[in-house]
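Along the sequence shown, the residues carry numbers beginning at 1. Nothing here was measured: the structure is a model prediction, and the numbers come from that model.
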Amino acid sequence: APRGHVDSTSRPALHTVRVTGWTLDANDSSRPTPVDLELDGVRHRSTADLPRPDVQRAFGTVSPNHGFGVSLTVPGGNHRLCTFAVALNGVDRTALGCSMLSVPVSPLGHVDTLAVSGTTVRLSGWTFDPDVNGGPGRVHVYVDGAGYPFDAASARADVQRAYGLANSSVGFSVAVPLPAGTHRVCAYGINRPGTSGANTTLLCKSVSR
């Protein structure tokens with residue numbers, strides 16, 4: 001039977017999973033073998049042909065080319081990912097393990113700062129809809145029952161890097177009127193119409209001036 005090992009399963013971007021490891025077929029260790037990744041039962045076949053001298057030393061193989069590093073695009077929702085070592089005949093397989101993946105569908109975001117200045121309150125932060133994988137996002141700010149809609153479209157390269165987004169246009173810095181007294185200020189990341197998910201509460205707190 002083919003043999004192998006999954007060394008790591010990582011998420012370099014919100015909608016990307018990368019699996020690394022090695023496989024080999026002891027019947028002929030001179031050739032790289034196939035490797036299968038199955039996402040929710042859908043097979044994605046690749047070849048384990050990257051140099052792995054450690055595997056060559058451990059098993060005395062003719063060739064060192066038994067490593068793999070495979071990336072898959074993962075849609076929003078919950079998914080099951082399984083990896084298989086495949087024999088050179090392309091049929092016999094050995095299961096190397098399965099894992100569960102969860103990709104959010106509702107907006108992500110954060111209010112970084114909230115500050116009162118004169119008769120206004122200013123909120124700064126970021127938000128985006130994962131189904132769109134970038135911006136512009138939408139943020140709604142409420143002071144008690146009064147709502148104010150805004151685009152979240154300023155550059156936030158840090159957020160883009162953290163989530164592997166298509167663009168950085170997910171930031172906001174907005175000011176809304178704040179009457180005298182104590183009021184409930186809330187900010188919501190708005191779900192894009194026609195996509196999965198629901199609006200997300202980013203912040204709610206009592207603010208006074």
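Counting heavy atoms from C-beta on, the side chains of Phe59 and Leu24 come closer than 4.5 Å. Two residues are said to be in side-chain contact when any heavy atoms from C-beta on lie closer than 4.5 Å; Thr20 and Val6 fail this criterion. Looking only at side-chain heavy atoms (C-beta outward), Leu50 and Trp22 stay at 4.5 Å or farther from each other. A 4.5 Å side-chain heavy-atom check between Leu178 and Thr119 finds every atom pair outside the cut-off. The closest side-chain heavy-atom distance from Asp144 to Val185 is not below 4.5 Å. His5 places none of its side-chain heavy atoms less than 4.5 Å from the side chain of Leu96. Side-chain atoms of Cys98 and Arg80, non-hydrogen and from C-beta on, do get closer than 4.5 Å to each other. For the pair Phe150/Val176, a side-chain contact is recorded, criterion being any heavy-atom separation below 4.5 Å from C-beta on.
With rounding to the nearest 0.5 Å, the separation of CG in Asp92 from CG in Asp25 is 8.5 Å. Taking OG from Ser196 and CG from Asp131, the interatomic distance works out to 5.0 Å, rounded to the nearest 0.5 Å. Between atom OG of residue Ser168 and atom CZ of residue Arg156 there is a gap of 10.0 Å, rounded to the nearest 0.5 Å. Taken from CG in Leu101 to OG1 in Thr9, the straight-line distance is 8.0 Å, to the nearest 0.5 Å.
Hydrophobic cluster membership differs between Val103 and Val105, with clusters built from Ile, Leu, Val, Met, Phe, Trp and Tyr side chains linked at under 4.5 angstrom. Under the 4.5 Å side-chain contact rule for hydrophobic residues, Val121 and Phe172 share a cluster. If you chain together hydrophobic residues whose side chains sit under 4.5 Å apart, Val17 and Leu39 fall into the same group. Phe84 and Leu72 end up in different hydrophobic clusters when Ile, Leu, Val, Met, Phe, Trp and Tyr side chains are linked at under 4.5 Å. Ile190 and Val159 are not part of a single hydrophobic cluster, where members link through side-chain heavy atoms under 4.5 Å apart.
At least one donor-acceptor pair under 3.5 Å links the side chain of Asn167 to the backbone N or O of Gly135. Side-chain N or O atoms of Asn199 include one that pairs as donor or acceptor with a backbone N or O of Asn191 at under 3.5 Å. Put simply, the side chain of Arg122 gets close to the backbone of Ser173: a donor and an acceptor are under 3.5 Å apart. A donor-acceptor pair under 3.5 Å is absent between the side-chain atoms of Ser8 and the main chain of Ser10, judged by distance alone. Here the side chain of Asp151 pairs no donor or acceptor atom with the backbone of Ala153 at under 3.5 angstrom. In this structure, Asp158 contributes its side chain and Arg161 its backbone to no donor-acceptor pair below 3.5 Å. Distance alone, capped at 3.5 Å, places no donor-acceptor pair between the Asp40 side chain and the His79 backbone. Of the possible polar contacts, none joining the His183 side chain to the Arg209 backbone as a donor-acceptor pair under 3.5 Å is found. Counting only distance, with no hydrogens or angles, the side chain of Ser29 and the backbone of Ala26 share no donor-acceptor pair below 3.5 Å.
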Practice item. Show your working on side chain to side chain contact (heavy atoms under 4.5 Å, CB included) between Val35 and Arg45 and close with a plain yes or no. Key: CA-CA 6 Å; Val35 58; Arg45 178 157 290 183; over 6 Å; no

Practice item. Kindly determine whether Thr127 and Arg138 satisfy side chain to side chain contact (heavy atoms under 4.5 Å, CB included), including the steps that lead there. Key: CA-CA 7 Å; Thr127 185; Arg138 292 284 288 170; over 6 Å; no

Practice item. Take Ser71 and Thr16, measure what side chain to side chain donor-acceptor pair (under 3.5 Å) needs, and give me the verdict at the end. Key: CA-CA 7 Å; Ser71 296; Thr16 303; over 6 Å; no

Check your understanding: How far apart are the C-alpha atoms of Trp126 and Val139, what are their side-chain angles, what is the distance that settles it, and do they pass the side chain to side chain contact (heavy atoms under 4.5 Å, CB included) test?
Key -> CA-CA 9 Å; Trp126 57 271; Val139 59; over 6 Å; no

**Study point:** Working for side chain to side chain donor-acceptor pair (under 3.5 Å), residues Thr33 and Thr23
**Key:** CA-CA 7 Å; Thr33 52; Thr23 71; 2.6 Å; yes

Exercise for review: Let me see the working for Leu108 and Thr200 under side chain to side chain contact (heavy atoms under 4.5 Å, CB included), right down to the final yes or no.
Suggested key: CA-CA 7 Å; Leu108 301 176; Thr200 300; over 6 Å; no

Practice item. Give the intermediate values and the outcome of side chain to side chain donor-acceptor pair (under 3.5 Å) for residues Asn78 and Ser102. Key: CA-CA 4 Å; Asn78 298 318; Ser102 181; 2.9 Å; yes

Check your understanding: Step by step, would you call Arg93 with Asp36 a salt bridge (charged side-chain N to carboxylate O under 4.0 Å, His left out)?
Key -> CA-CA 9 Å; Arg93 303 198 305 173; Asp36 284 346; 3.0 Å; yes

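For residues 47-60, the pairs satisfying side-chain hydrogen bond (donor to acceptor under 3.5 Å, both in side chains) are Asp7-Arg52, Arg52-Asp54, with sequence neighbours left out. The disulfide (SG to SG under 2.5 Å) pairs that include a residue from residues 5-75 number zero, where partners must be two or more places apart or lie in different chains.
The two atoms that bring Val116 and Ser208 nearest to each other are CG2-O, 4.1 Å, heavy atoms only. Smallest separation of non-hydrogen atoms from Gly197 and Ser106: CA-OG, 3.4 Å. The minimum heavy-atom distance between Leu14 and Arg11, with the atom names listed, is O-NH2, 3.2 Å. Closest non-hydrogen pair, Gly147 versus Pro149, comes out as O-CD, 4.1 Å. Across every non-hydrogen atom of Gly189 and Leu202, the tightest pair is N-CG, 3.5 Å. Closest heavy-atom contact between Pro2 and Ala87: CG-N, 3.5 Å.
With sequence neighbours excluded, the residues that form a side-chain hydrogen bond (donor to acceptor under 3.5 Å, both in side chains) with Arg31 are Asp28.
Between Tyr142 and His140, the ring planes are tilted. Angles from 30° to 60° get that label.
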